[in-house]
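Chain A is the first sequence line, chain B the second, and so forth, proteins listed ahead of strands; every chain is numbered from 1. Values reported hereafter were calculated over all heavy atoms of this structure, with side chains retained and with hydrogens, waters and symmetry mates removed.
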Amino acid sequence: MNLTLYNTLTNQEEIFIPVNPPKVNMYCCGITAYDYCHLGHARTCIVWDVVRSYLIWRGYEVKYIQNFTDIDDKILNRAKNENTTMEAISERFIQAYFEDMQRLNVKPADAYPRATHALDGIKKLIWELEQKGYAYETQGDVYYSVSKFKDYGKLSGRKLEDLQTGASGRVNQSEAVKQESFDFALWKSAKPDEPSFDSPWGKGRPGWHIECSAMVRDMLGETIDIHMGGNDLIFPHHENEIAQSEAVTGKPLARYWLHNGMVKVDGEKMSKSLGNFVTIRDLLAKYDPMAIRLFILQANYRKPLDFTDEALKAVTNGWHTLAEGLLFGVKYREILNWTEKANLSFIKSVQDHFCQAVDHDFNFAAGLAILFELAKDLRKEGNLLTHEGKTSQSSQELGDKWHTLVNLAQILGLEAHSNEIENISNVITESEIEVLIQQRLDARQAKNYQEGDRIRDLLKDKGVTLIDASGGITKWHWNN
RNA sequence: GGCGGCGUAGCCAAGUGGUAAGGCAAGGGUCUGCAAAACCUUCAUCCCCCAGUUCAAAUCUGGGCGUCGCCUCCA
């Protein structure tokens, strides 16, 4: 089976062939650490986390690097406002990032280089660009001379003559020292009270784009397999990375350029500048982290994704279905007494289906349909077991389905925990539950339904659900 | 103005020439004091519009409309 992926560079789907299989080098443009991350950042992190994990499952040896931009105007502004240092700000939000990611079950990258720790590589790259005539210095600033790089625009499909300066309405007037409006800064001279680093061009700091070129080269080599990021980075950020790296090495920076779509709110991109963002923290206070993962994975990674409370609620219900399937084995494995050897051909065939779906440009939504089928089936059998004490399938079949479900869900980073069951069972014992159920039965027989409902609600608060089965028997089970 | 993406049920979404997966929501039924849970069941004659190619198109081609992103802060 072939894995195909949509390459922004060619605007088409291509068969994935790494430079040195089975090794795969991936680089993802990370965040600028000046504030808490929002759902849009979460989308990027979750999508590429799952891509990485899928590639590993497919047998690739993946090295995954994600950077932090820890020097930048926004960080400096915040430091000034809070009367602290740039380092303190970036460190704080990098730590917050790690906390958020852990809660979303995003696995750590293999390394997180920071701009301020990559200065040697950055300066070397700028120096080489100068040597080759791609960079020029003015008043302590160093700029990249875009018109010298003939492939400029190949990623974003732009031509130099079409570049309309200021069309986005955000032109920085102070950059009048540039030779041409589309040139961009490689090194910025330091303003009087700003943190700065020594360089051959005087005290200053790196431009935004150069750090990624330097880090990729330092940590992964001259041509990597996959370069990823949000699609708002295609131009100018990734275009400029290509210009910087390829001018120096003469080799393609990346074979495949993958970009995820934006999260939208009321039809508009979620962003800091529009102020229409929800932080991951706020979201996690309201929704299950796994529901958030599901929300993101159910959408095609390249398409825009609308954030609404309604959608998150819907997906939370969906998550409960999956979670019930995932907890099936935890709850029933002892009753079902799984001792038989796994039916490998069954597991293999489901995995093949999953693979076939996801191989097509990381179609996780289609893959999820397979998980839902397994989970619904298991949920049904679990309910049969709880309500009627029997199943309609053999315990071997159920075991195979459960193991397959857990295995596939793991790839997507979807994990259900039965902690709640344990925690709640400490609050009330089974014999206490039995006593209360008897009291309720007595009350109901005396037609004292008010008292009966009170006991039912009481138990509900303790995490116990009652089922009034036929024949006047009340069964119960822990919620989860 | 330039470049790129997208347009499938109430919502999300799969589908890559052979007659519309899956999820959520909703409706009906069984059970029930009610509820919850569970189980059964219904839900696009049709894929933005128009033309074309084909025995056959949601899928390919051309045109149109709508929508989103980027055009130097961006995930």
Side-chain angles (χ1 to χ4, degrees), chain A residues 4 6 8 11 13 28-32 34 37-45 47-48 72-74 146 153 155-159 161-172 175 181-185 208-209 228-237 239-240 259-264 267-274 294-295 298-300 302-306 308 310-311 313-319 321-322 357 360-361 363 365-373 376 379-380 382-384 386-388 444 447 449 452-453 456-457 460 465-470 475-477 479:
Chain A
T4 61
Y6 185 91
T8 309
N11 279 332
E13 235 169 80
C28 176
C29 287
I31 56 153
T32 301
Y34 75 104
C37 289
H38 59 61
L39 181 58
H41 301 110
R43 183 180 195 191
T44 298
C45 297
V47 162
W48 305 124
D72 154 278
D73 283 341
K74 292 190 291 293
V146 166
L155 180 70
S156 57
R158 283 165 168 77
K159 299 188 187 87
E161 56 268 32
D162 293 336
L163 282 177
Q164 199 175 99
T165 307
S168 68
R170 288 190 225 95
V171 180
N172 188 343
E175 295 194 341
S181 63
F182 37 65
D183 291 348
F184 58 90
W208 176 38
H209 315 295
M228 313 161 301
N231 68 11
D232 53 349
L233 297 183
I234 295 171
F235 190 90
H237 185 56
E239 195 69 70
N240 290 353
H259 293 97
N260 62 279
M262 298 291 103
V263 172
K264 298 192 303 169
E268 265 187 321
K269 176 182 168 182
M270 177 179 287
S271 70
K272 283 276 157 59
S273 47
L274 288 169
L294 195 57
F295 174 64
Q298 254 191 341
N300 180 304
R302 292 194 285 118
K303 290 187 190 176
L305 175 58
D306 256 308
T308 58
E310 200 192 354
K313 277 178 195 142
V315 96
T316 299
N317 288 334
W319 165 242
T321 299
L322 282 182
H360 182 76
D361 194 30
N363 190 342
L368 273 169
I370 294 165
L371 303 212
F372 270 103
E373 275 164 33
K376 284 207 150 182
R379 177 177 69 174
K380 180 178 149 185
N383 287 329
L384 279 174
T386 307
H387 292 256
E388 292 172 29
R444 291 174 70 215
K447 303 247 186 254
Y449 294 120
D453 291 349
R456 184 172 65 200
D457 292 343
K460 195 178 175 188
T465 299
L466 300 185
I467 302 134
D468 295 327
S470 53
K475 297 178 180 184
W476 67 272
H477 63 82
N479 293 337

[X] near the nucleic acid: base, sugar-phosphate alone, or nothing, with a heavy-atom cut-off under 4.0 Å?
X: A:A314; answer: sugar-phosphate
X: A:D72; answer: nothing
X: A:H259; answer: nothing
X: A:I370; answer: nothing
X: A:V263; answer: base
X: A:G229; answer: sugar-phosphate
X: A:K269; answer: base
X: A:N300; answer: sugar-phosphate
X: A:T8; answer: nothing
X: A:E310; answer: nothing
X: A:N317; answer: sugar-phosphate
X: A:L233; answer: sugar-phosphate
X: A:G452; answer: nothing
X: A:G267; answer: sugar-phosphate

Just compare [options] and give me whichever is closest to any side-chain atom of [X].
X: A:N383; options: B:A38, B:C74, B:G23; answer: B:A38
X: A:K74; options: B:C34, B:C73, B:G23; answer: B:C73
X: A:R456; options: B:C68, B:C74, B:C34; answer: B:C34
X: A:N11; options: B:G5, B:C74, B:C71; answer: B:G5
X: A:W208; options: B:C74, B:A75, B:G33; answer: B:C74
X: A:E373; options: B:A13, B:G22, B:C34; answer: B:G22
X: A:K380; options: B:G23, B:C40, B:C68; answer: B:C40
X: A:H38; options: B:A36, B:A75, B:C34; answer: B:A75
X: A:F235; options: B:A75, B:C34, B:C70; answer: B:C70

Watson-Crick or G-U wobble partner of [N], both distances under 3.5 Å:
N: B:G52; result: B:C60
N: B:A44; result: none
N: B:C39; result: B:G29
N: B:C73; result: none
N: B:U67; result: B:G5
N: B:U19; result: none

Side-chain N,O ([X]) to OP1/OP2 ([N]) below 4.0 Å:
X: A:K303; N: B:G7; value: yes
X: A:W319; N: B:G23; value: no
X: A:K264; N: B:U67; value: no
X: A:N363; N: B:G15; value: yes
X: A:T321; N: B:C24; value: yes
X: A:Y6; N: B:G5; value: yes
X: A:K313; N: B:C11; value: no

Would you measure the distance from the [atom1] atom in [N] across to the matching atom in [M] and give it in whole Å?
N: B:A58; M: B:C48; atom1: C1'; value: 12 Å
N: B:C68; M: B:C50; atom1: C1'; value: 24 Å
N: B:C39; M: B:G15; atom1: C1'; value: 31 Å
N: B:A9; M: B:U45; atom1: P; value: 10 Å
N: B:G29; M: B:G17; atom1: P; value: 44 Å
N: B:G28; M: B:G62; atom1: C1'; value: 47 Å
N: B:C47; M: B:C60; atom1: P; value: 15 Å
N: B:C12; M: B:C70; atom1: C1'; value: 25 Å

Contact between [X] and [Y] at the side-chain level, heavy atoms closer than 4.5 Å - yes or no?
X: A:T321; Y: A:R379; answer: yes
X: A:T316; Y: A:F295; answer: no
X: A:N240; Y: A:W208; answer: no
X: A:N300; Y: A:L305; answer: no

A:R456/A:D453 salt bridge by N-O under 4.0 Å criterion: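 Answer for the salt bridge query: yes.
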Whole-Å gap separating C1' (B:G69) and CZ (A:R43):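 One finds 12 Å between C1' of B:G69 and CZ of A:R43, rounded.
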Between P of B:C3 and NE2 of A:H237, the distance in whole Å: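 To the nearest whole Å, that distance equals 24 Å.
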A:Y449 six-ring centre to A:R444 NZ/CZ under 6.0 Å and within 45° of normal: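 Output no; distance or angle outside limits.
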CD (A:E13) with more than 12 external heavy atoms under 6.0 Å: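 Yes, CD of A:E13 has more than 12 neighbouring heavy atoms, counting only those of other groups under 6.0 Å.
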For A:N317, all residues meeting side chain to side chain donor-acceptor pair (under 3.5 Å), sequence neighbours excluded: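 Side chain to side chain donor-acceptor pair (under 3.5 Å) check on A:N317 returns nothing, list empty.
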Base B:C70 to side chain A:R158, donor-acceptor N/O within 3.5 Å cut-off: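 Check passes, donor-acceptor contact within cut-off.
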A:H209 and A:F184 aromatic ring geometry - parallel, tilted or perpendicular at 30°/60° bounds: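 A:F184 vs A:H209 ring planes: perpendicular.
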